[in-house]
Amino acid sequence: MSVLVGWEKYTRRRPDAARTRGLLGRDGIEGAMLLTPAASVHTFRMRFAIDVAYLDRRLRVVALTTMPPGRLGLPRLRARHVLEAEAGAMAAWGLRVGSVLRLRLDRR
C-alpha cells in the first residue's frame, strides 16, 4: 500500500520547527504527515479531527485511531513512527492494523 506524504520546504531547512508546528493552524491536509520518531501525538489547538496510524520500524500499522481536537493520544510501545491524515482518509485508503506502508514523498 502506498500513501502520499506531504513534504513542505521548511521541513528540510528547519525540521524541529516543522515538527513543532505539525498540523496546528491548518484547516485540513491533503495526503498525510509522517512524524518520526514518534510513539504518540496530541490534537491540542487543532481545528479538525485526524486519523492516526502508529507504525513500527518496518512501517507496519500496529494501531489506528481517530482523534478529535483537544485530545492526548496514548503512547504505543511498539510504535516508532506516526502517520497523521484527515479523519476518514485512512478508512478510504483501506488502511488497517497489519498493513505495511510504502511512502511516496510529494515535494511541492
Side-chain angles (χ1 to χ4, degrees):
M1 167 172 287
S2 290
V3 174
L4 181 63
V5 175
W7 180 274
E8 297 183 2
K9 291 179 183 173
Y10 65 79
T11 61
R12 295 185 75 181
R13 286 184 269 130
R14 299 199 51 212
D16 293 335
R19 182 181 173 110
T20 300
R21 181 169 178 254
L23 298 176
L24 296 176
R26 299 179 190 214
D27 293 321
I29 181 175
E30 288 184 35
M33 179 176 285
L34 180 68
L35 302 176
T36 185
S40 69
V41 295
H42 69 83
T43 58
F44 298 126
R45 297 179 28 220
M46 289 185 60
R47 298 179 184 167
F48 57 98
I50 59 171
D51 284 344
V52 179
Y54 297 90
L55 312 172
D56 68 10
R57 290 185 173 133
R58 292 186 173 93
L59 300 180
R60 181 179 312 274
V61 177
V62 296
L64 280 170
T65 190
T66 299
M67 294 177 58
R71 302 298 168 108
L72 178 63
L74 296 173
R76 302 306 201 274
L77 297 179
R78 294 184 344 193
R80 297 295 176 260
H81 318 281
V82 173
L83 188 69
E84 298 179 339
E86 259 189 82
M90 293 185 187
W93 299 335
L95 198 63
R96 61 183 180 268
V97 172
S99 297
V100 178
L101 301 183
R102 226 178 37 232
L103 303 177
R104 295 181 297 139
L105 297 179
D106 176 17
R107 298 178 184 260
R108 290 182 212 186

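Worth saying up front: this structure is predicted, and the values here are computed from it rather than measured.
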Scanning both residues in full, the closest heavy-atom pair of Ala39 with Ala79 reads CB-O, 3.7 Å
Assigning hydrophobic clusters by single linkage (Ile, Leu, Val, Met, Phe, Trp, Tyr; side-chain heavy-atom cutoff under 4.5 Å), is Leu74 placed with Val82? no
For Ala32 and Ala85 the tightest heavy-atom approach is CB-CB, 4.2 Å
Exactly one of Val41, Val97, Leu64 clears side-chain contact (heavy atoms from CB on, under 4.5 Å) with Tyr54, and that residue is Val41
Apply the test side-chain contact (heavy atoms from CB on, under 4.5 Å) to residues Val61 and Met90: give CA-CA distance (whole Å), side-chain angles for both, the deciding distance (0.1 Å), then the verdict. CA-CA 11 Å; Val61 177; Met90 293 185 187; over 6 Å; no
CG (Leu34) and CG (Leu55) are apart, to the nearest 0.5 Å, by 6.5 Å
Nearest heavy-atom contact between Glu86 and Asp51 is O-OD2, 3.5 Å
All heavy atoms of Ala63 vs all of Arg76, minimum pair found to be CB-NE, 3.5 Å
Nearest heavy-atom approach of His42 to Met67 is CA-CE, 4.2 Å
- Task: Could you walk me through whether Leu101 and Leu95 pass the side-chain contact (heavy atoms from CB on, under 4.5 Å) test, one step at a time?
- Result: CA-CA 9 Å; Leu101 301 183; Leu95 198 63; 3.3 Å; yes
_Under 3.5 Å: donor-acceptor pair, side chain of Arg58, backbone of Asp56_ = no
Closest non-hydrogen atoms of Gly73 and Ser40, given as atom of the first, atom of the second and distance, are O-CB, 3.8 Å
Of Thr66, Thr43, Thr65, Leu35, the one forming a side-chain contact (heavy atoms from CB on, under 4.5 Å) with Val52 is Thr65
